[in-house]
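What follows is a short report on a single structure.
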Amino acid sequence: MSAKMTNSQGVETITAEGSSDPRPVLMLAEFETADLLMEAATGVRDQGFRLWDCHTPYPVHGLDQAMGIRPTLLPWLVFGGGATGFTGGLLMQAWMNAVDYPFLISGKPFWSIPASIPVAFELTILLSAFGAFGGMLLLNGLPRFYRPHFRSDRFRRATADRFFISIDGRDRQFDVQANSELLTGLGATAVEVIEE
Amino acid sequence: MSRDPIFRPWMDQLLKLVGAGAAVTGIYVVLMIYFGFSPKTISAGYMPEQPVPYSHALHVGELGLDCRYCHTTVESAGFAAIPPTQTCMNCHEKIEPTSVNLEPVRSSFRTGLPVRWIKVHDLPDYVYFNHSAHVTRGVSCVECHGRVDHMEEVHQVKPLSMGWCLECHRDPAPHLRPVDKVTDLGWGMERTEQEKIDQGSEIMKGLGLYDESGHPTTRMTLMTNCSTCHR
Amino acid sequence: MSSIKNKTGSKPGQALWRSLDEYADSPEFRTLIEKEFPNHAPELFHSTSRRHFLKVMGASVALAGGLAGCRWPQQQILPHTSRPEGRAPGVPVSYASCWEQQEVAEGVLVTSYDGRPIRVDGNGDHPFQSGSATSQMQASVLGLYDPGRSSAPTHRDGDHRVSGSWEAAAEMLAEAGKSDKVAVLAAPKSSLALSMMRKRLLRKIPNSRWHEWAPLHRDSERQGTAQLFGRPMRPVADLSAARVLVCLDADPLMTHPASLAHSSGWASLRSSADDDEPVLSRVWAVESSLSVTGGAADVRIPARTADIAGIAVQLAAATGVSLPSDIAPIVSATQVTDEQILQMAADLKSHAGNCLVMAGDRQPPVVHALAHAINIGLGAVGKTLRFAEIENAERLAHIDDIALLADRIRAGEVETLLILGANPVYDAPAMNESWQQLIDRVPLSIHLGEYEDETAEVCDWHLNGTHFLEEWGDGRSWDGTITLRQPLIAPLYDGRSSIETLSILLDEKPQSGHDLVRSVLESRAGSDKDASWRSWLHDGFIRDSANAVDSAPAIRGGWGAAIESALQVPEGDEIVFLADHSLFDGRYANNGWLQELPDPVTKIAWDNCAQIAPSKAASMGIKTGDMIRLSSGGRELEMPAFVLPCQNPRTIGVSLGYGRLLSDRAAGRLSRKPSLYQIADGVGFDSYQLRSSEAVRAGYAPVSVARGSGTYQLATTQDHNPVRPEEFMGDLEFNEEQRRVGEFARVVGAGFTPDHQQVAESVEDAGPHHPDLKSLWKEHEYKSHRWAMSIDLNVCTGCSACVVACQAENNISVVGKDEVAYGREMHWMRIDRYFSGEDVDNPEVVHQPLTCNQCENAPCEQVCPVAATVHNEEGLNDMVYNRCIGTRYCSNNCPYKVRRFNYFNNTKSPSVTEKMGYNPEVTIRSRGVMEKCTYCVQRINSSKIRANNERRKLTDGEVLPACAQTCPTNAITFGDLADPESRVTATQKSHRSYKMLAELNVKPRTGYMAKLRNRPDQDEG
Amino acid sequence: MKQLLDKLSPIMRPELTGNAESPEIDNTAYLPDARQPLVTGENDNTTITDKVCQIVEQKPTVGWWMFFLLSLSVLGLLGVFIPFLIFWGVGTWGVNNPAGWGYAIVNFVFWVGIGHAGTLISAILFLFRQKWRTSINRAAEAMTIFAVICAGMFPGIHVGRAWFAYWMFPIPNQMELWPNFRSPLLWDVFAVGTYFTVSLLFWYMGMIPDLATLRDRAKHSVRKVAYGLLSLGWTGSNRHWHVYERAYLLLAALATPLVLSVHSVVSFDFAVSQVAGWHTTIFPPYFVAGAIFSGFAMVMTLLVPARQLFGLKDVITLKHLENMNKIIMLTGMLVGYAYAQEFFIAWYGGVKVEKFAFINRAFGQYAWAYWIMVSCNVLSPQIFWFKKMRTNITVMFIVSIFVNIGMWFERFVITVTSLANDYTPSAWDYYSPKLADVTILIGAFGLFFTLFALFCRFLPFIAMTEVRGVMAEKARLKSPPPQQGASDSASEDSAAGS
């Protein structure tokens, strides 16, 4: 069980038990609606924070711009997978049926593209799909089962009906006092600090 | 408000380890099956105990008996016949007439009941191997049976797996030798790979497996046709 | 295994001892086809030995050790103690011997593999026959290994039967030999040795008498010739000269004892239609039930068996035979028109000398007399026919003989009854009382036979006889040539042959069969007796030993006296009893191959049936499979009807030989063999119950047909539903079938001298019209052999010998009635029998043997996911059983539907003896595996290896698939298309040649040659 | 039907809070100046989340147990008869010569077909920005997975030597043999394998955020851990959303051609062969249409009861059902067109054998099967021309059942009739199933419904995240926008649509 105390600004601080010198690792600010979050996000971005994030129960349209997220390179991973699948598929068939042990089958040529299309195609899709899924996990650093966020009870609703902004303790501009004021200013209904 | 996270930080590490472990085990199992079930493991080296401790090393290696003295039908028939008791007794009526090891042979000769040899080189039933077809083309006994002339007890040297057969059926040249040298197991050991290939190619031409320019003919492709070995 | 060892005994068994045991080991091994290897990996390191491997994966010693331990069952090699001269293990050897049926011996060549006979083929060197064999000869080898054979003497003990030993039996026989009043009831044999023993018996035992009985015999022929010439003679026909052949209820090509000689003769003449001066023979068949000859005939005239006498009279009159004046030929009853008879007569006369009239054994003697009168009148004698003398001319007709025996038994004149191979309880008509009762009257009854059959049941003693492959013996072929029989294997169940048994009965010191046979033939030997004996054994026959021929037999006056009575025939429906095409008179009932062999005419397996004409059936509202009640002379029997086109509407045809009861039915009888081996048991219907003495004499019997109760499932391999078209298919399917039959089995009407050009055109026209077949890619060129087959429909009679030959050669399993009914028969070769024509009561018949066509663009191959069926460089469509996983896709995609699938494990637990019968050159297929015709690739390969070992080229005809080898009419040609000189190249170039379903561009290697039918309306001028 | 369900509802449905007892609201009417809401009733993120999660969180009801145990017992049939089959051989089936393929292949094609709607609804409708998919795609995808599992079972057991089925995969082996890549069956292996894998990924990936929701609501520690693991530590981070959405879009883009390819490949099993009645170029589109057809029908069969029993009427609204009915009618007619086309080509092509094959289908020994097929697939959906009918729960449920039956018979007709009477009349025979055929056919349904029951019980039945997204727009669209604005907003909202 982790300890809990509230300071003057009503900023709750949650401290993990057993941590010798508790340092703040995360600040969470809760917002009622997506629109509020959107404005707040713009604000936080403009303050020039680096290690921060928004948490929403569904992908909020336009939030990426508000946060200024750069486009992901996932498509390239997918393309890589696809390309491997296609060439690999063709080569595999050519080698197995036409090179390694050629069989005379129905008087057909040992190697012909049309007969090889279906398998090559399926392998293309398969490996692209692996690329997409695996890439998503990779780029998002998933799976990662522990996060400081999970110490906050409020944060449960991040996956249901509430919107959060989190600022990482390692951010250069991280400062409990200043940041909490900023966030309350931007309309946060509650601000929490997670310590470890 | 605070809550207990389901997972602690160290659990992430643990889970990573578990994952890695699983991966390793997986690979290990695959490799085990891969090599563990290989004929090289299961078949090669098979050495059953025979009713009579007949030593090829002695008879062939030292006394210099020719394979065909006992395995008479090897050039004419599919089976290389195991010699009848008579053949053993030709000599052993005089030589070692009292040896304990030879008792099974003598009793067989008396009673007319055969000696129950154990088959060592034992192909599956759907494979039709014909000794004459190989021996009369210059494939030496040693290619499949190894240096039997050095074996105290006969054991299987080659895997006798389909893949292994194909090696030679796809490129017989290095495995061929003059027909009269077929039973001379030690013959041509000193030759280099290239010499083997050159010598083999000549024989291949003689057999019509290569044409004059040394390219494989249709008869060569026939050797990897299914019905060549499976009926 | 040990059991076999004991059975085969010590001395003679020695040679086959080894083979037996080695073989007995291998079947377990064979079942490994199912287990196969675990999935091995190709080597990663070179020279990975077990030791190396263990080094590599140190951790896994235990596991690897375990793996190394798991090896398939060990196999033992049991070499001879001293190998017989010229015997190499695994090299098949052939021996000449002889096979007998209907008192006529056929020379055979028996192929023996390590001391186990595995094939029976015709003896090509034999002067009176070709190298071909009938289905029954082919199947006889299975009979040898039949686990259902009786395996020891048994005798009655109270109401039990106990199995005894031959020692006891021998004492009993010796005793019996001392008594007088011995009667022997023997199945007639042409053996000289046997007749010698007969004479010795009659000499030694004063009041003894020798009776003979066979349910199917040729007595009326004997009597007919006797009427004509004063003494019975044997008409030996030469069909290769008979340009016009008239068969009066005769079946020279199938059920006749000389069918092989007839077939090859007929076929050789038939094939001369392809010569430069083409000649096409014409066969007229007047018959009541469709016979194989009738199917092959150019003109087929249905008539009641009873009416054929009348037709014969008319024909005789029309061909100028002088008949007793007071005979007014009456054929009003027949639906045969005078024109037809006159046409026949005209044909005969216009080919005087090259014509022949044959009468069937169902016909009364006078018909035979008439037939031969015609033959003599038209100068056939010496050309198409010769009359040979025969032994024991004084012999009674079988039916009289057995009746006499019955009387003597009642009169108490028989104290000891020795039955040699006959089975009267099953197949003889009752003589006031049943034969069971009659035999019970005899104080001591002894039965010698291969099976513990119905008669053995009721005899005091049953002695287990030998199979012909187990015994010494001899016989005379149809022309009388003495043919020798030598054992191929020691008696599996320690049986004794008839002559040996008689010797035990008669002699103080019984002689061996070898000595007996040799002694009786000694007189014929030359100076060096051993040499001639050896040469006889080698050839299998004695040259120039044929019976004397009377070139110009004198016709006795007043022979026509019997005509009058023969014309007095009852009106109404008749029933005729047919020799079964597979089981003959029932003797082969326990033979799985013959039971499963579809009848050439009805295509029914595992049953007999009442053949009834479509019109008759329609009028009675009967469908195929409905039970009908047949009553004749107070006897009744219910049988399933089979609506058979070509059947004469007022004749019911019923084949004999079914409804056997072999299994242990007597209360408390000791059972030595599980009755599952008695496959004959209760299969089909015992039609002998309807067959009275009168029927046997007359060849037919009046019958009344009524609807029976319920229906019955008949297993047919074609038209899996009832046969009558309108029934089993709507007009939709029927018309479609008729359309395709025209394309598949092409029939061309031609005259006596067919015009090649014209024939070629009509063959072309018969095929479907399709755009010319192009390939999208450069097609594979075959540089090596190009094996191919062509099948000549013009000479194929549908006799089905090829089907059994294929089954014997390729270890094809028997699946039983239910599976056949389900459409799962395993025969690699099937013979499609098609009816065509308007008149459903008398359509034309055509047979088309169909087996894998070895298409160059085989549709089956591309669809197999695991490449279990692929092409080899010689154009063979290889089927790799051990690679097959059984998707059955290939079979779906085969337009010929010639692939066969093992739906169950058909070879799960063969008995030890059955295993001995397998051909070791062919893999036994496991469950879940597809199989099909391979053109007998095992024969191709062994021939190639032999040729290569000898550094020579294969010669044409050196490779012969089992079907081609056995075909009695040489309808099947096999060879190498790459060889321009080969026969198959010629036949495939022939103007009659065409490919079935060629429009699919599958490029079949098997070609067909169109059938020529010499219809009268085709006569030129 | 509807009344029946209403009666059942009390025992079937868990005690739901909020406006669970919501009435059937007709949101199918066309509004000229606005769009009908895709979620009816007074719902917001909270209520939606509650509704959906409660299905999982409530104790299983009597109804669920009844359904589950029934399915499980039917599944038992497989447990009995598949070992029986493997032990005795495929002879225990009715297959024979000439009909080498029977129920096994029929079922395989049938189930693969069913398996199409899921990915189709998810992927294709997603690409076409059809937001009405959001309420039904989860269940549909689940259905896909389970259907493909059923399908995948059959090729395995229909071969004669199942223990060697692995030879169909290119695994290095001591025989140095490889599968034959020219064989359509091998294409099948790859197509169905890929389809299953990709559908699984697609389904699972879509569920991750919803699993996180369940995780955060979970009370019981086992559930906490289970959902915790399954949701991979998802925090709804927008940086994650960013990659996630792109990945999902790409998967959808990949799945779409895949769906089309899979049944095309399956159709090659027939089209590539040369059996008259199989050898037809029309097969790929024809089979795909049929697959969508049967797939939607099966979704309908499942959802109509489900929305009732789980109180999801206002999430899976009439509009959703109506749209699906429209698609069923459309694809139904496509299939009908294909039937007609086959006959036309058979006549026009002039190949006698093929002509016979089709006449024989309609009037031969299997005519009964053919006419069942036609009346179920072509005639019965025509009723959806009437809005009254396509918005009538009972009617649409019954029709969907008909279509399922009809589509099974379509595969039966294609497979069996063509084989039973093909080129050589002498080999013609009548194929009839044996006990094992029937029991395994039924058992497969047991497997399917068992899995589906477990799915309803333990996984989020509705894609909550997506519904939230949709509702977010609804909120924004409260005020009717200018005419042409509707379309713009459509396009711009779309990104959030998922």
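What you are looking at is a predicted structure, and each value in this text was computed from that prediction instead of being measured.
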Under a 4.5 Å cut-off applied to non-hydrogen side-chain atoms, are [X] and [Y] in contact?
{"X": "D:T197", "Y": "A:F130", "value": "yes"}
{"X": "D:R182", "Y": "A:N97", "value": "yes"}
{"X": "A:Y58", "Y": "D:V470", "value": "no"}
{"X": "A:R156", "Y": "D:R217", "value": "no"}
{"X": "D:F190", "Y": "A:P118", "value": "no"}

Interface residue of largest heavy-atom contact number with chain D, from [options], under 4.5 Å:
{"options": "A:V78, A:L139, A:L73, A:I105", "value": "A:I105"}
{"options": "A:M96, A:K108, A:R157, A:M92", "value": "A:M96"}
{"options": "A:T72, A:T33, A:L123", "value": "A:T72"}
{"options": "A:L137, A:I125, A:T124", "value": "A:I125"}

Quick one: which of [options] has the most heavy-atom pairs under 4.5 Å with chain A, could you say?
{"options": "D:W187, D:F202, D:Y244", "result": "D:W187"}
{"options": "D:S237, D:G193, D:P209", "result": "D:S237"}
{"options": "D:A191, D:A212, D:S264", "result": "D:A191"}
{"options": "D:L201, D:T49, D:V198, D:L251", "result": "D:L201"}

Quick one: what part of [X] sits under 4.5 Å from any heavy atom of chain A, side chain, backbone, both or neither?
{"X": "D:Y204", "result": "side chain"}
{"X": "D:D210", "result": "neither"}
{"X": "D:V243", "result": "both"}
{"X": "D:P257", "result": "both"}
{"X": "D:L254", "result": "both"}
{"X": "D:T194", "result": "both"}
{"X": "D:I208", "result": "side chain"}

Less than 4.5 Å to any heavy atom of chain D: does that hold for the side chain of [X], its backbone, both, or neither?
{"X": "A:F164", "answer": "neither"}
{"X": "A:P102", "answer": "neither"}
{"X": "A:W52", "answer": "both"}
{"X": "A:F110", "answer": "both"}
{"X": "A:P143", "answer": "both"}
{"X": "A:P75", "answer": "both"}
{"X": "A:M67", "answer": "side chain"}
{"X": "A:S128", "answer": "both"}

[atom2] on [Y] to [atom1] on [X], rounded to 0.5 Å:
{"X": "A:S112", "Y": "D:F181", "atom1": "OG", "atom2": "CZ", "result": "13.0 Å"}
{"X": "A:I117", "Y": "D:S261", "atom1": "CD1", "atom2": "OG", "result": "12.5 Å"}
{"X": "D:N180", "Y": "A:Q93", "atom1": "CG", "atom2": "CD", "result": "10.0 Å"}
{"X": "D:W241", "Y": "A:I69", "atom1": "CH2", "atom2": "CD1", "result": "12.5 Å"}
{"X": "A:F133", "Y": "D:Y248", "atom1": "CZ", "atom2": "OH", "result": "12.5 Å"}

Item checked: Distance-only side-chain donor-acceptor flag, D:H240 / A:N140, under 3.5 Å -> no
Next item on the list: Compute whether any side-chain donor of one residue and acceptor of the other, for D:W234 and A:T159, lie under 3.5 angstrom apart.
Entry: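 A:T159 and D:W234 do not have a side-chain donor-acceptor pair below 3.5 Å.
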Note to self: Taking atom CH2 as the centre, does A:W95 end up with more than 12 heavy-atom neighbours from other residues, nucleotides or ligands that are less than 6.0 angstrom away?
What the structure shows: yes
So which heavy atom on [X] is nearest to which on [Y], and how close?
{"X": "A:P59", "Y": "D:E245", "answer": "CB-OE2, 3.3 Å"}
{"X": "D:H242", "Y": "A:R70", "answer": "NE2-O, 3.4 Å"}
{"X": "A:A132", "Y": "D:A247", "answer": "O-CB, 3.9 Å"}

Check: Between A:D64 and D:N238, does a side-chain hydrogen bond (donor to acceptor under 3.5 Å, both in side chains) hold up when you go through it step by step?
Finding: CA-CA 7 Å; A:D64 295 354; D:N238 194 58; 2.8 Å; yes
Check: Run the side chain to side chain contact (heavy atoms under 4.5 Å, CB included) check on D:T235 and A:F155 step by step: do they pass?
Finding: CA-CA 9 Å; D:T235 59; A:F155 194 73; 4.1 Å; yes
Next item on the list: Output yes when a side-chain donor or acceptor of D:R468 lies under 3.5 Å from a complementary backbone atom of A:P57, and no otherwise.
Entry: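 Judged by distance alone, yes, a pair lies under 3.5 Å.
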Note to self: Between A:D100 and D:W178, does the side-chain hydrogen bond (donor to acceptor under 3.5 Å, both in side chains) criterion hold? Intermediate values first, please.
What the structure shows: CA-CA 9 Å; A:D100 186 45; D:W178 303 109; 2.6 Å; yes
